[in-house]
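Presented below is the structure to which this report refers.
Since the model is a prediction, treat every value here as computed from it, not as a measurement.
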Amino acid sequence: VQLQASGGGLVEVGGSLRVSCAASGRTGNINAVAWFRQAPGKEREFVAGVRWLNSGHTDYTDSVKGRFTISTDNAKNTAYLQMSSLKPEDTAVYLCAADRVRRLYVAKLPSSYAYWGQGTLVTVSS
């Protein structure tokens, strides 16, 4: 499985941005897709995740609940993270990852994800 993240950029505080994660290869191995983020000097942080074939099953970190929405378009093998009401503390490199283990939940640890994209930078200016 290969993952290609895109859509990052510079946005003002309070603005919106959508990042995309396109999957290719053996996408049948994907159980869930998640977005993580990593700011300079900080650990990689779980942001949001979704079961690949059950887009109604999502999970979010508390700091983005009500502002971010994760979704999938299985016909396009793509996952999206719609971000709104952006804050300066949302500034980070956003990485998408895919989990191949058949779990009944969305994993939140980076070590649970076997496949990673290259990341896309989101900068929120104040």
With sequence neighbours excluded, give me every disulfide bond (SG atoms under 2.5 Å apart) pair touching [range].
| range | result |
| --- | --- |
| residues 42-86 | none |
| residues 89-126 | Cys21-Cys96 |
| residues 97-126 | none |
| residues 24-76 | none |

Worksheet item: With ILVMFWY side chains joined below 4.5 Å, transitively, what does Phe36's cluster contain besides itself?
Response: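 Besides Phe36, the cluster holds Phe46, Val93, Leu95, Val106, Tyr113, Trp116, Leu121.
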Discussion item. Considering only residues two or more places apart or on different chains, which pairs with a residue in residues 96-108 satisfy side chain to side chain donor-acceptor pair (under 3.5 Å)?
Written reply: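 Every side chain to side chain donor-acceptor pair (under 3.5 Å) pair that includes a residue of residues 96-108, provided the two are not neighbours, is Asp59-Lys108, Asp99-Arg103.
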Discussion item. By the side chain to side chain donor-acceptor pair (under 3.5 Å) test, which pairs, at least two apart or in different chains, include something from residues 38-49?
Written reply: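 Residue pairs with at least one partner in residues 38-49: Arg37-Glu45, Gln38-Arg44.
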[X]: partners by side-chain contact (heavy atoms from CB on, under 4.5 Å), with sequence neighbours left out:
| X | value |
| --- | --- |
| Lys65 | Tyr60, Asp62 |
| Leu86 | Val11, Leu17, Phe68, Met83, Asp90, Val124 |
| Ser126 | Val13, Pro88 |
| Ser71 | Tyr80 |

Of all heavy-atom pairs between [X] and [Y], which one has the smallest distance, and what is that distance?
| X | Y | answer |
| --- | --- | --- |
| Leu53 | Asn74 | CD2-ND2, 4.1 Å |
| Leu10 | Ser125 | CD1-CB, 4.0 Å |
| Trp52 | Ala23 | CH2-CB, 4.4 Å |

Rounded at 0.5 Å granularity, tell me how far [atom1] in [X] sits from [atom2] in [Y].
| X | Y | atom1 | atom2 | value |
| --- | --- | --- | --- | --- |
| Gln4 | Asn77 | CD | CG | 14.0 Å |
| Thr72 | Arg51 | OG1 | CZ | 11.5 Å |
| Ser63 | Glu89 | OG | CD | 8.0 Å |

Fill in: All pairs passing salt bridge (Lys or Arg N to Asp or Glu O under 4.0 Å) where residues 11-33 contributes a residue, at least two apart
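Sorted pair list comes back empty.
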Practice prompt. Report yes if the side chains of Asn31 and Val101 come closer than 4.5 Å at any heavy-atom pair, otherwise no.
Written response: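 They are not in side-chain contact.
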Worksheet entry | Main-chain N/O of Arg67 paired to Ser84 side chain as donor or acceptor, under 3.5 Å |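 Checked: pair present.
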